[in-house]
Amino acid sequence: MNILGEIIEPLLESALTDLGVKGDFWKRALGSSRERDQGDMSLPCFPFAKQLAMNPNDIAANLAQALFGKIDVEAAGGYLNFKADPHWLAQKVMAGIPSTGNKSVLIEHTSANPNGPFHVGRARNAILGDTMVRLHRLHGNQVRAEYYVDDMGKQVAVLAWALEHLSREDVDKILDGRGQVHPRWVGKHDHEIVRWYQAAQALRKEGDDAIEEEIGRLVHASENGDDSVLQRFEQAYQPVLDGMLETLERLGIEFDTFTKESKFVVDGSVSSLMETLEALEIHGTAENGAHFLDLGLRGLKGKTEFFYRRGDGSSLYATRDIAYHIWKWQQSDILINILGEDHKLQAKQVGMTLEELGHKVPDVMFYAFIKLPEGKMSTRRGNVVFMDDLLEEAQAHAAQVVKQLRPNYHSGKVASIAEAVGVSAVRFNIIKVNPDKGFTFKWEEALSFEGESAPFVMYSHTRACSIAAKIGRPVGEYEIGDIPDAMYQLMRVMACNNDRLGLAVNEHKPHLFANQMLDLATAYNSFYRDCHVLNDGEVNEFYYAVSQRAKHMLNQGMSALGLIPLESM
RNA sequence: GGGCGUAUAGUGUAGUUGGAUAUCACUUCGGCCUUCUAAGCCGAAAACCCGGGUUCGAAUCCUGGUACGCCCGCCA
């Protein structure tokens with residue numbers, strides 16, 4: 001609880017100095033209390049024992065005495081426990097505790113190759129990235145959400161070649177029943193066009209040299225910035241990308257800017273970068289004329305040669321990525337990239353090279369993969385859950401639940417609630433877990449609407465909305481009155497809201513804020529149980545004010561996680 | 001083989017960077033709807049991968065194992 005810590009620290013500082021403690025190492029030890037009845041913040045006194053040659057119990061007692069009257073403090077078992085005064089806390093919370101962000105941030109996320117529909121695994125990136133965008137904005141930062149479009153290279157070349165050479169009949173014949181478009185997605189370009197890509201990959205596997213040569217020519221042309229080829233590529237991938245963005249839009253995910261990879265080839269920055277890299281002392285050349293940096297000389301372990309230029313003189317993906325980053329540093333103070341764990345080495349190489357060139361290293365948030373109970377997700381093997389299908393199922397399941405719980409709702413209302421619940425539940429399931437951890441996608445968990453889920457949080461919010469709707473007017477004059485325990489607990493959770501937000505933002509851990517929303521909803525539910533705003537038609541104005549404050553915080557917090565707050569559900 | 005990451009009740013997870021009685025949920029068991037929406041609330045049972053070490057104190061740090069994931073392309 002930072003607002004309390006700000007008061008405690010100076011008091012402790014002088015008390016500790018008086019006792020003879022040197023240094024401020026204790027500031028890190030001052031943390032939240034473990035148990036509720038211990039208070040809000042605690043300081044273990046064990047570290048002082050050696051310096052003062054006293055036992056921790058006595059130190060705590062001494063400090064408690066020195067601070068007596070200045071703050072609510074108690075010594076217990078070698079700990080110093082501080083408690084926020086309920087009235088003071090209520091005042092702070094009701095006045096609003098400001099957020100502290102004021103930086104400009106560029107968050108690059110998703111940046112998936114435009115060659116097919118999102119599956120749940122690939123969508124983890126988009127959901128985490130968009131959540132970071134929203135959290136930063138709530139925190140007060142200026143954010144630009146950016147999609148780096150891979151518009152050149154082999155994958156797009158294969159797609160373009162396929163679209164130019166294969167008819168629908170060819171594709172059907174090659175795939176021979178495999179990869180049928182689900183009737184639901186007929187006409188959605190990412191689902192349709194990916195079949196051309198798959199068909200081309202199948203053909204390539206058969207080893208036709210002519211095809212390989214032609215694709216090679218296209219790749220080469222694109223890497224040299226051939227404008228007509230890049231245009232053909234764009235014609236091929238743009239409809240696919242549009243289809244993919246449609247899926248993201250349903251999830252509430254939008255971008256401010258799209259930057260094409262080819263930009264850095266066309267504008268010459270890649271070739272000038274390669275010249276700069278050639279002059280570095282860690283530079284090396286392979287037998288066939290390919291260029292690399294020996295990052296082992298800078299401490300990289302494992303494979304130390306980082307190739308940035310092929311023998312034929314063309315650039316590689318990572319090379320362009322470095323040019324892209326140099327450009328990004330001109331756009332913003334802070335760079336954050338959302339990347340799958342498979343990009344760790346690549347990101348390390350890019351980061352070290354940027355450092356070698358005197359640039360800053362971007363922040364990277366890595367996430368582990370989502371797998372299915374049957375194993376790794378793979379479109380090719382058909383072991384895959386498409387995000388479009390998940391959203392559709394979530395919506396359908398939610399509609400079923402709403403119909404059962406609220407039989408009097410008309411179908412339009414059911415549909416709109418179900419859509420909001422479905423989308424929110426899908427997002428929340430991915431956000432609530434630590435990105436470091438891989439997880440196994442299970443339908444029953446993705447479609448669970450109780451416990452630690454989006455609907456749980458949404459439900460608390462609708463309770464608050466329901467009260468406000470019944471009262472039908474804004475909060476009037478009120479005085480902070482008695483504070484029952486349930487309200488006090490709610491105040492404590494609300495007081496820490498921005499602390500948790502700051503932590504989630506600065507440590508790139510959105511799950512911390514997802515948990516905060518669960519805590520807030522839980523605390524609100526207890527408040528709702530114990531503190532009735534309406535009693536026989538009479539409004540307790542203070543309680544109403546608290547309810548509205550919590551409602552607002554829930555609303556803001558949910559939106560920052562991409563959950564859709566509803567008035568009723 | 002080398003590098004990086006992960007390991008917490010039956011299941012899934014948190015753990016504020018070394019502090020008190022390890023969080024929350026699902027499942028199981030038992031309770032609460034004539035009171036602001038029961039998608040809720042209250043209660044019970046149940047866990048730190050294994051071995052050493054550092055420390056007043058270790059889920060957390062070091063070390064050696066084990067298991068799983070990712071990477072080790074002049075691919076993207």
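Just so it is clear, the structure is predicted and the values come from calculations on it, not from any experiment.
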Apply side chain to side chain donor-acceptor pair (under 3.5 Å) to the pair A:Asn383 and A:Ser378, showing each step before the final yes or no. CA-CA 5 Å; A:Asn383 188 36; A:Ser378 150; over 6 Å; no

Verify salt bridge (charged side-chain N to carboxylate O under 4.0 Å, His left out) between A:Arg500 and A:Asp519, making sure each step is shown before the conclusion. CA-CA 11 Å; A:Arg500 300 281 283 275; A:Asp519 291 346; 3.5 Å; yes

Begin with the C-alpha distance, continue with both residues' side-chain angles, and end with the deciding distance and a verdict on salt bridge (charged side-chain N to carboxylate O under 4.0 Å, His left out) for A:Arg473 and A:Glu541. CA-CA 11 Å; A:Arg473 58 163 175 82; A:Glu541 213 61 36; 2.9 Å; yes

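A donor and an acceptor atom, one from each side chain of A:Asn115 and A:Gln155, are located under 3.5 Å apart. With no hydrogens or angles considered, a side-chain donor-acceptor pair links A:Tyr308 and A:His283 at under 3.5 Å.
B:G73 is unpaired under the Watson-Crick or G-U wobble criterion, no partner having all donor-acceptor distances under 3.5 Å. Base pairing of B:U34 is not made with any nucleotide, judged by Watson-Crick or G-U wobble geometry with both donor-acceptor distances under 3.5 Å. In this entry B:U55 has no Watson-Crick or G-U wobble partner, no candidate having both defining distances under 3.5 Å. When Watson-Crick and G-U wobble pairs are counted only if both distances are under 3.5 Å, B:A7 pairs with B:U66. Within the shown strands, B:C24 is the pairing partner of B:G12 under the Watson-Crick or G-U definition, both distances less than 3.5 Å. Look at B:G43: its Watson-Crick or wobble partner, with both distances under 3.5 angstrom, is B:C29.
With hydrogens and angles ignored, no donor-acceptor pair closer than 3.5 Å exists between the side chain of A:Asp342 and the base of B:C71. No hydrogens or angles were tested; on distance alone, a donor-acceptor pair under 3.5 Å links the side chain of A:Glu452 to the base of B:G12. Interface remark: the A:Ser42 side chain does form a donor-acceptor pair with the B:A20 base, using a distance-only criterion of under 3.5 Å. A donor and an acceptor atom never sit less than 3.5 Å apart when one is taken from the side chain of A:Asn525 and the other from the base of B:A38.
Map A:Val421 and A:Leu534 each onto its nearest nucleotide of RNA chain B; the residue landing nearer the 5' end is A:Leu534. Heavy-atom nearest nucleotides on RNA chain B were determined for A:Ala521 and for A:Ser32, and the one closer to the 5' end corresponds to A:Ser32.
Distances shown here put every side-chain N or O of A:Lys348 at or beyond 4.0 Å from the OP1 or OP2 atom of B:G3. For the OP1/OP2 pair of B:A76 and a distance below 4.0 Å, the side-chain nitrogens and oxygens of A:Arg310 include at least one atom meeting the criterion. Here A:Lys509 does not reach the OP1 or OP2 of B:U17: none of its side-chain N or O atoms lies under 4.0 Å away. When the side-chain nitrogen and oxygen atoms of A:Lys442 are compared with OP1 and OP2 of B:C26, none of them lie within a distance under 4.0 Å. Within the structure, every side-chain polar atom (N or O) of A:Arg463 is placed at least 4.0 Å from both OP1 and OP2 of B:G40. A close approach under 4.0 Å does occur between a side-chain nitrogen or oxygen of A:Arg34 and OP1 or OP2 of B:A20. Here A:Tyr317 does not reach the OP1 or OP2 of B:A76: none of its side-chain N or O atoms lies under 4.0 Å away. Taking 4.0 angstrom as the limit, A:Arg320 places a side-chain polar atom (N or O) nearer than this to OP1 or OP2 of B:A76.
Across B:G3 and B:G64, the matching P atoms stand 10 Å from one another, rounded to whole Å.
Ionic pairing of A:Lys83 and A:Glu74 is not present here: no N-O contact between side-chain nitrogen and carboxylate oxygen is shorter than 4.0 angstrom. Under the 4.0 Å criterion applied to side-chain N and carboxylate O atoms, A:Arg320 and A:Glu223 are assigned as salt-bridge partners.
One interatomic measurement links the two molecules: CG of A:Leu512 to P of B:U16, which rounds to 9 Å at whole-angstrom precision. Taking atom OH of residue A:Tyr367 and atom P of nucleotide B:C4, one finds them 22 Å apart after rounding to whole Å. Protein atom CG of A:Leu520 is 15 Å distant from nucleotide atom P of B:A25, rounded to whole Å. Atom NZ in A:Lys303 sits roughly 17 Å away from atom C1' in B:C70 (whole-Å rounding). In this structure, A:Phe439 atom CZ and B:U6 atom P are separated by 17 Å, rounded to whole Å. Atoms CZ (A:Phe428) and P (B:A39) sit 18 Å apart, rounded to a whole Å. What separates CD of A:Glu450 from C1' of B:C26 is a distance of 8 Å, to the nearest Å. The nearest whole Å value for the distance from the CG atom in A:Leu339 to the P atom in B:C4 is 19 Å.
Ring orientation note: the planes of A:Phe48 and A:Phe25 are tilted relative to one another, at an angle of 30° to 60°.
A:His511 comes within 4.0 angstrom of the backbone, heavy atoms only, and of no base. Residue A:Pro56 is classed as having no contact, given no heavy-atom separation below 4.0 Å to the nucleic acid.
A:Asp536 CG: 12 or fewer foreign heavy atoms inside a 6.0 Å radius.
In this structure, B:U23 is classed as anti because its glycosidic torsion departs from zero by more than 90°. In B:C68 the base sits anti relative to the sugar, since the glycosidic angle is further than 90° from 0.
Within residues 540-549 of chain A, no residue has any heavy atom under 4.0 Å from RNA chain B.
Between A:Phe258 and A:Tyr147, the gap from one ring centroid to the other is short of 6.0 Å.
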